[in-house]
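All figures in this text were calculated on a predicted structure; none of them were measured in a lab. Numbered from 1 within each chain, the chains take letters A, B, ... in sequence-line order.
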Amino acid sequence: MYRTHTCGELRIEDINKEITLAGWVQRVRDLGAMTFIDLRDRYGITQLVADDNTTKELSSKIESIGREFVIQVKGIVRERSSKNTKIPTGEVEIELTELNILGPAETPPFTIQDDTDGGDELRMKYRYLDLRRSNVQKNIVLRAKMAHVTRNYLNKLDFIETETPVLIKSTPEGARDFVVPSRMNPHEFYALPQSPQVFKQLLMVAGFDKYYQIVKCFRDEDLRADRQPEFTQIDCEMSFVEQADVLSTFEGLTRHLFKEIKNIDIQDFPIMPYAEAIEKYGSDKPDTRFEMLLNDISSTVKGNNFVVFDSAEYVGAICAKGCGDYTRKQLDALIDWVKRPQIGAKGLVYVKCNEDGTYKSSVDKFYGQDDLKNWADKVGAEAGDLILVMSGDKAPMQVALGELRLEMGKQLGLKNKNTFKPLWVVDFPLLEWDEESKRFYAMHHPFTSPKPEDIPLLESDPGKVRANAYDLVINGVEIGGGSVRIFDSALQAKMFDLLGFTPEEAKEQFGFLMNAFKYGAPPHAGIAFGFDRLVSLFAGIDSIRDVIAFPKNNSGRDVMIDSPSLIAEAQLDELLLKLKEEQS
RNA sequence: GGUGGCGUAGUUCAGUUGGUUAGAAUAUCGGCCUGUCACGCCGAGGGUCGCGAGUUCGAGUCUCGUCGUCACCGCCA
């Protein structure tokens, strides 16, 4: 037996027990006549001690060990004469009688401590060492617990967990596919799923009624802190349900997770149409932890010969509470911030609401005190507040103002990591016009059903059609999204037509789905949660890398195993593949 | 594809206007130390300043290129 206890469980009640422990050496503190060793495993740290009773053989072994050695020790639990109240095992220590080196260790390239000296790059290269650190382990443990709670909840509701294939078919819509050459079918490729979308719909046709799967999905697009090329979804689909049923089921799952994992009771779970989210927050994933809503003040500000506003389609304003004392330097920094290419605004007009009831703005030449008071009334600004105004074309300015709102929220400390504000965003547009290719794209995916009352618009004004699609947003993070699906093959054919597929193309790519619908398809709807994002939200972390055991870096590389990599010529030959020179 | 930050000891970083032998902390190694738990004290070793070119009497420092990395925009049904 390698151990009788873990390094996290011995207490004062265990005194005088003979025990065996195994783990990693966290640190050796040699005081001369006595030596302390911190022994670590994933459960905790236990102090070992060797003093003048120690045999020569044992002390020479102790001298030979260093950080991160894997050792097994036998000894007696005894009470410490000076206790450490910072750790649960701090009242006891192990008086060593025997020590075996199970695995010697070289000095690690960075210290295995919560406050490690290692940078991100190094930690990723030696991720197996990084994962020894308790604050990294706790994220992985949290992830496991959340998956467990999710499975329990959905199993209880009679959902059936079903695996779907990973080697599937490439489709041109949506994100780029990762492709895998087929040896047995020369010149042909599988694609890795961007989501199990069509399979879960086919499971509905098959009558499974309620399906879920915690599943890897793959998208060959550029990465971000919250985007990995392979990521995990809680993927779900239900039959004989309407949008409201899906929302309430997964509102239930979300509440349950918050309660079980964080012991938080989520109060409100509001539902907001997409159009309102854009109008009030300049985003389809509003962070509702704070207000600072966008106001359209176009009608209030026009007609004072200020050409910038008079010529603008949209003039919008937000009110930053308590920022009326911003200095010139702070305001200039904000102006620079909105002018960065990422935001791309031409400028920013400000109005300071002074404590004495007067106003000071960057457009005093054009607007008097009465005008500025009107603005203040319109946006709900009081003495001590700061009004920030941007103007231009409506859609981009709403987005820019929404970004500015988030930045101000950050500066004012309104994005509290311990507050959780969920929100359903509903009634997304069904289609999105793409200027470049002069065609409509499905905003969600081509199987999303339009709202019944908007179906006539499919002919006259497709851009106006709203979808039965919904996103779950928490604290400004898109956690999940789904839709009511089309289950009528005629309507599905019409959708493909709108999206520019010829009937032949539609048949070639999605014929199996349309065929399936001919044989009795139930009404169905579904949703998928971004599991990595959900876990990082619960962990209070911005990057999903920290909740993935072995993540990829910014350029999609695994720096630990060094992938992707070239393959042998023989492998290429077998696949009848030849590498082209890079295009210049 | 684009914008920006970073790259100096094992590691995290500092390095002034371009000027003497490139520093600190930590880690490592050696010595001392009986209650440490970020142990302490004394000492030692440790550098292709990412790589390449250029400017200059002289480059860690300036310029260009390149590679790596991070953040963001595009992209992500």
Side-chain angles (χ1 to χ4, degrees), chain A residues 26-40 45-54 63 66-68 78-87 89-91 93 106-126 129 171-177 193-195 197-198 217-229 231 337 339-344 396 399-400 403 407 428-432 434 436 440-448 467 469 478 481-483 495 499 510 528 530 542-543 545 552-555 557 559 583:
Chain A
Q26 179 70 36
R27 207 160 187 34
V28 179
R29 288 183 296 278
D30 181 358
L31 271 63
M34 64 192 314
T35 302
F36 297 102
I37 302 169
D38 287 340
L39 190 67
R40 183 195 76 234
I45 284 181
T46 298
Q47 177 166 285
L48 318 175
V49 62
D51 51 26
D52 41 12
N53 302 323
T54 310
E63 266 175 46
R67 282 171 192 270
E68 301 306 312
R78 73 182 192 193
E79 187 171 3
R80 291 198 197 186
S81 61
S82 61
K83 297 181 176 170
N84 182 349
T85 52
K86 285 185 229 160
I87 58 173
T89 61
E91 286 193 288
E93 63 193 359
E106 290 181 16
T107 304
F110 53 89
T111 57
I112 313 297
Q113 294 160 196
D114 287 1
D115 54 339
T116 181
D117 59 9
D120 288 347
E121 201 176 336
L122 199 69
R123 287 171 41 219
M124 284 308 153
K125 184 169 177 190
Y126 298 94
L129 296 181
T171 55
E173 289 282 297
R176 289 187 189 87
D177 289 314
Q194 300 175 23
S195 94
Q197 184 59 37
V198 290
C217 302
F218 306 86
R219 289 174 194 176
D220 187 9
E221 295 293 347
D222 284 11
L223 277 52
R224 291 286 189 280
D226 62 349
R227 268 166 32 191
Q228 284 271 302
F231 59 99
W337 190 87
K339 281 182 169 174
R340 288 181 316 143
Q342 280 83 350
I343 304 296
V399 171
E403 292 291 339
E407 173 63 21
F428 278 79
L430 182 70
L431 302 164
E432 211 170 11
D434 180 59
E436 214 169 298
F440 281 108
Y441 279 87
M443 187 145 175
H444 188 52
H445 57 57
F447 319 112
T448 301
E478 184 191 333
S483 63
M495 268 300 287
L499 295 171
F510 299 109
D542 290 327
S543 167
R545 270 171 227 173
K552 306 267 190 289
N553 77 5
N554 228 9
S555 6
R557 299 199 66 88
V559 293
Q583 288 174 358

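- Comparing the same atom, P, in B:C70 and in B:U12 gives a spacing of 14 Å after rounding to whole Å.
- A search for salt bridge (Lys or Arg N to Asp or Glu O under 4.0 Å) contacts involving A:Glu121 returns nothing, not counting sequence neighbours.
- When the side-chain nitrogen and oxygen atoms of A:Asn84 are compared with OP1 and OP2 of B:U36, none of them lie within a distance under 4.0 Å.
- Atom NZ of A:Lys552 has more than 12 neighbouring heavy atoms from other residues, nucleotides or ligands inside a 6.0 Å radius.
- Partners of A:Asp177 under the salt bridge (Lys or Arg N to Asp or Glu O under 4.0 Å) rule, at least two apart in sequence or in another chain, do not exist in this structure.
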Sub-3.5 Å pairs of nitrogen or oxygen atoms, protein against nucleotides 66-68 of chain B:
{"residue": "B:G68", "atom": "O2'", "partner": "A:Glu121", "partner atom": "OE2", "Å": "3.3"}

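- Residues passing the salt bridge (Lys or Arg N to Asp or Glu O under 4.0 Å) test with A:Arg545, sequence neighbours excluded: none.
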Output a table of nitrogen or oxygen pairs between the protein and nucleotides 2-9 of chain B separated by less than 3.5 Å.
{"residue": "B:U3", "atom": "O2", "partner": "A:Gln342", "partner atom": "NE2", "Å": "3.4"}

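- Residue A:Leu122 is classed as a sugar-phosphate contact, given heavy-atom separations below 4.0 Å to backbone atoms only.
- Phosphate contact (OP1/OP2 of B:A38, side-chain N/O of A:Lys86, threshold under 4.0 Å): present.
- A donor N or O paired with an acceptor N or O is not found under 3.5 Å between the base of B:G74 and the side-chain atoms of A:Glu221.
- Of the candidates B:C75, B:U12, B:C76, the closest approach to any side-chain atom of A:Ala175 belongs to B:C76.
- Rounded to the nearest Å, the gap between the C1' atom of B:U61 and that of B:G50 is 16 Å.
- With sequence neighbours left out, A:Asp222 forms a salt bridge (Lys or Arg N to Asp or Glu O under 4.0 Å) with no residue at all.
- The nearest whole Å value for the distance from the CG atom in A:Asp222 to the P atom in B:C75 is 11 Å.
- Nucleotides B:C64 and B:C6, compared at atom P, are 14 Å apart to the nearest Å.
- Ring-to-base geometry does not place A:Phe110 in a stacked arrangement with B:U11 (centre distance under 5.5 Å, plane angle under 30° required).
- Taking atom CD of residue A:Gln194 and atom P of nucleotide B:C75, one finds them 16 Å apart after rounding to whole Å.
- The base of B:C39 is not paired with the side chain of A:Arg27 by any donor and acceptor separated by under 3.5 Å.
- Within 4.0 Å (heavy atoms only), A:Arg78 reaches at least one base atom of the nucleic acid.
- Comparing the C1' positions of B:A22 and B:G58 gives an interatomic distance of 16 Å, to the nearest angstrom.
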